[in-house]
There are 4 protein chains.
Amino acid sequence: MNKNKHTDITWREKLHDIIYEAETPAGKAFDVVLLVFIFLSVIFVMLESVPGLEPWVYEYLIYAEWIITILFTIEYILRIISIRRPSRYIFSFYGIIDFLSTIPLYLSFFITGSSALITFRALRLLRVFRVLKISRYMGEGNRLLGALRNSRAKIFVFLFAVVVLSIIAGTLMYMIEGEKAGFTSIPVGVYWTIVTLTTVGFGDIHPITSMGRFLASLIMILGYGIIAVPTGIVSAEYSARSRNDQSFNSLSCYNCNEKTHLDRAKYCHRCGYSLRNEIRKKNE
Amino acid sequence: MNKNKHTDITWREKLHDIIYEAETPAGKAFDVVLLVFIFLSVIFVMLESVPGLEPWVYEYLIYAEWIITILFTIEYILRIISIRRPSRYIFSFYGIIDFLSTIPLYLSFFITGSSALITFRALRLLRVFRVLKISRYMGEGNRLLGALRNSRAKIFVFLFAVVVLSIIAGTLMYMIEGEKAGFTSIPVGVYWTIVTLTTVGFGDIHPITSMGRFLASLIMILGYGIIAVPTGIVSAEYSARSRNDQSFNSLSCYNCNEKTHLDRAKYCHRCGYSLRNEIRKKNE
Amino acid sequence: MNKNKHTDITWREKLHDIIYEAETPAGKAFDVVLLVFIFLSVIFVMLESVPGLEPWVYEYLIYAEWIITILFTIEYILRIISIRRPSRYIFSFYGIIDFLSTIPLYLSFFITGSSALITFRALRLLRVFRVLKISRYMGEGNRLLGALRNSRAKIFVFLFAVVVLSIIAGTLMYMIEGEKAGFTSIPVGVYWTIVTLTTVGFGDIHPITSMGRFLASLIMILGYGIIAVPTGIVSAEYSARSRNDQSFNSLSCYNCNEKTHLDRAKYCHRCGYSLRNEIRKKNE
Amino acid sequence: MNKNKHTDITWREKLHDIIYEAETPAGKAFDVVLLVFIFLSVIFVMLESVPGLEPWVYEYLIYAEWIITILFTIEYILRIISIRRPSRYIFSFYGIIDFLSTIPLYLSFFITGSSALITFRALRLLRVFRVLKISRYMGEGNRLLGALRNSRAKIFVFLFAVVVLSIIAGTLMYMIEGEKAGFTSIPVGVYWTIVTLTTVGFGDIHPITSMGRFLASLIMILGYGIIAVPTGIVSAEYSARSRNDQSFNSLSCYNCNEKTHLDRAKYCHRCGYSLRNEIRKKNE
């Protein structure tokens, strides 16, 4: 009704829907195109850091850099003008990332070395999760996040235990092994303990005394056992979640009192009595 | 009735059954013999690449190579003539592998170095899964694949998160550590992050600054936590699958064709129709 | 009533509540402040071990060390005077740690090198679990510990199997590889096997012969399979625990005191006595 | 009745019970003492291999060696004379291990170097599982073994897939990286792939080309995903086993047909009716 009055707002609203929403075909197309450019820009930034390529590659990369920077600038301006309260976008997480990933090339005219900021573009990749949101992965992602959120407290306790354990073991290893084995300070010992406990094991620092190796063995076996804990937590949580999501409801048959029915069941599977009344009551 | 008419087709059909099917004793025997030869050929190819063996070993390997190539050629020809539409085999996945693993020795007369293609024979090992299919492992394999297929969407989201995380962390590590520590470019940093996140930890590249080691610790603990996710997913999925396999039967209702019934169900939960006849038929 | 009589005991009791209990606001505040100081002292000890800092940093660290030692001394004295039977605190686990982490600086006047004992302060971090106890993590922690306690026997069998396997494999590797590859003795072989079986893989010692590499491959694949066992145990235990938490209630039968009842139970499964009154009381 | 007739058989039977059985107090005591000596002998063998100890240590170890060898000889003789059909012991798994772990020192008089056989003593440690059998760990062990046995087929398929994958990936890495990176032959490539896929990652061999590193990243992420499979299998299997083992029986109440009862239930928890008749029928 009031739409004809403020046509510029309608225009802005449309733009807003395309840029910020991902539900409409146009919005989804915009997001996919944007993602392609973000991916390209990330690949260009990565390529630029590779030494020993042909000189013309670097030259082309500079052109590509400029094209992408201009496109990102346009996108940034469109985002600001299409939103009712620009400050809500500018100071949001994505707003700051968008700004930081667009500005470096302009800054490089004034400040040398500022183009290092260009690596912030990698963070723009996070935007991919926004597109995934609309697809069928939404349910999966939510379920996963839900399982992680439910396990939050447990995982926090677990991580804390790992940190305390690392500090104690790192201190002991520093005292036992000392500088000859590469344990030059307690923080280095803690770093080594984390490397070992997580079963990464770079091998840049490693125990050389019998005592140190014995303690290292204990830490490793402990780490091996500890890995079971977060896995077990997430697994159990996720399993419970799937079970609850699963296809059973809590209706009980009026005739035989059977209580395990598939969600979509209309008749009791034990006596064939209709479940219609129970379903109606539940929905009321 | 019409069998006597086209005896050559019957002969071809028999050959087809032996070569392509694995259900009959002859077909199974053919597949097992073939697998033995594939295994032998793979072992010969591996041995050939080992430097420092006695000269006569290499000589014998050449003979073995020729024998196996001839056998594979015969098998390839038989496969083509025994199938009604040869193109369906020739351009199938296994058809291409079979061709590529047979041709190299012939090619080596004309093109030097083409015998490197012989390593395609390793791919023929995949054929083993076809033989496993007939055995009692079929059910297990199907269940495993089913669990993986159901987890597909979740695993995709998970892998994507790992890749995005690796790019961001790899870029940061490249900025923090630089070339002295071996982080010569961003792709190298991403490679290092994947090595670390998966807890492999070769140690060829490793952080040397305090800042880098701190970030590495975070990545490692994160990787430790992340490993819980795919395990939890597959575990829960597989668990649910086992549970469902137990409590559901494969009867289909005569009235409404509903196919998911609890094992103890006596009436269709969708239409209330008795399942008595289906259960009787099954038990006979 | 009798409180006015012994005011000093009341004062001591109050102090006791603050220092030893964590349920009251004052007690919780005391514990949090104490934890902050413990964390600070641990960070200072860690910093002190780092070589190559500015000289003034070490100077400040000495001051900080003294301040913290004095605070810990006061805390230690308060703990002794506020408890009715000081010996129960002094010879407790925490009492010994508190003493060992307070004394080193005083000792350093008399004995050089005794300040190495200061690293015992890292053990004071364990106190953090006492504070966690009061928070909402208590339930989680209990459930986790419960799952681990229930899995104790299984995990013991599992660890024992790992140790026996390590000794056998370590001996074999020592015999196969010998000193050239770094396997200088059987204990070193056992250490290497643990490093490998836990998938840590430092790489300081690694097989170089074909035979050794073949055995190492077997050990690694075994280790890969073995890791499934503790994870499966904890996961299943934890899962069962969550499930049991759901389907059992904590009613106790008025007649026979049986305490394990299904949530939906209306009669005691042991003596047949009605649980009606217990359920009514619970719901009130 | 006939016992007085053949007193020597009774004496032998008693000895048999002590040595071969672990159910009686004497039998258990014998097994524990034997285990202590096996442990000691293993520690002595391990110590002997350590270079750089004081000369008198080696001297004492020789004495200890002789004492243990004599004790093991006595045990071996007792085992032979106390069993009715000695051949059943001599050619059993433990019989052969016992023989091989006792003989080396005697052999060393005739053949130099035969004392290397002494490392077979580590295998005697396996005997520990026989003692564990009698304790409360029996149930746990059985349940674990049961879960593993049930998962056998799945684990076999899984291991086979890992081996095929390793051969294919190892061949590719050999072709891509070549000798410069340490991939001197295809078997070495396969070894490296197993090291990487199991997330051990020694780092003695590692890719140096971009292409090789890219393939390595794929292998690592794959390995990361693959680890979920055995864990999921064992976890689900074990979980199902616990559930079935759990405290529910399959009795159905005569009165109300309720079918979920705790194993120790004597009365129906739904209607309070006695389950006595159902339990009696089951036990008959």
Side-chain angles (χ1 to χ4, degrees), chain B residues 42 45-51 116 119-123 125-126 128-129 132 135-137 139-141 143-144 147-148 151 155 158-159 162-163 166 187-188 190-191 194-195 197-204 223 226-227 229-243 246 264, chain D residues 151 153-158 160-161 163-165 167-172 174-175 179 184-190 195-208 210 213-214 216-229 231-237 239-240 243 259:
Chain B
V42 167
V45 170
M46 286 170 78
L47 264 183
E48 218 172 342
S49 77
V50 178
T119 47
F120 273 100
R121 284 195 184 157
L123 288 175
L125 277 175
L126 291 173
V128 85
F129 291 108
L132 285 178
S135 74
R136 52 188 282 272
Y137 301 109
E140 302 303 348
R143 205 183 275 183
L144 252 182
L148 287 177
S151 316
I155 285 173
F158 169 72
L159 283 186
V162 167
V163 167
S166 296
V188 170
V190 174
Y191 164 71
I194 292 174
V195 168
L197 210 56
T198 55
T199 77
V200 172
F202 285 130
D204 53 338
I226 281 178
I227 210 168
V229 175
T231 310
I233 291 171
V234 174
S235 179
E237 195 67 49
Y238 195 82
S239 200
R241 191 156 280 260
S242 316
R243 213 169 23 244
Q246 283 170 352
R264 53 183 159 136
Chain D
S151 316
K154 290 160 230 167
I155 285 174
F156 178 83
V157 168
F158 169 73
F160 203 90
V163 167
V164 169
L165 190 67
I167 290 176
I168 294 169
T171 306
L172 286 175
Y174 167 72
M175 284 161 68
E179 288 187 32
T184 49
S185 68
I186 293 179
V188 169
V190 174
V195 168
T196 305
L197 210 56
T198 55
T199 77
V200 172
F202 285 130
D204 52 337
I205 307 162
H206 54 80
I208 49 173
S210 304
R213 281 176 170 175
F214 182 73
S217 298
L218 290 186
I219 294 170
M220 281 179 271
I221 288 176
L222 204 63
Y224 204 49
I226 280 177
I227 211 168
V229 175
T231 311
I233 291 170
V234 174
S235 180
E237 194 65 50
S239 200
R243 212 168 23 244
K259 275 166 175 151

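Computed from a predicted model, the values in this text were never measured in an experiment. By convention in this document, chain letters (A, B, ...) are assigned in the order of the sequence lines, proteins followed by strands, and residues within each chain are numbered from 1.
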Please classify the contact between B/Leu197 and chain D as side chain, backbone, both or neither, with a heavy-atom cut-off of under 4.5 Å. backbone
For B/Met46 and D/Val190, which heavy atoms make the closest approach, and how far apart are they? CE-CG2, 3.7 Å
Which atom pair, heavy atoms only, marks the closest approach of B/Phe202 to D/Pro207? CE1-CD, 4.3 Å
Top of B/Val50, B/Asp204, B/Thr199 for chain D proximity - count of heavy-atom pairs under 4.5 angstrom: B/Asp204
To the nearest 0.5 Å, tell me how far B/Ile194 CD1 sits from D/Ile219 CD1. 12.0 Å
Structural part of D/Val188 lying under 4.5 Å from a heavy atom of chain B: neither
Toward chain D, the part of B/Val42 with a non-hydrogen atom under 4.5 Å: side chain
Between B/Ser49 (side chain) and D/Ile186 (backbone), is there a donor-acceptor pair under 3.5 Å? yes
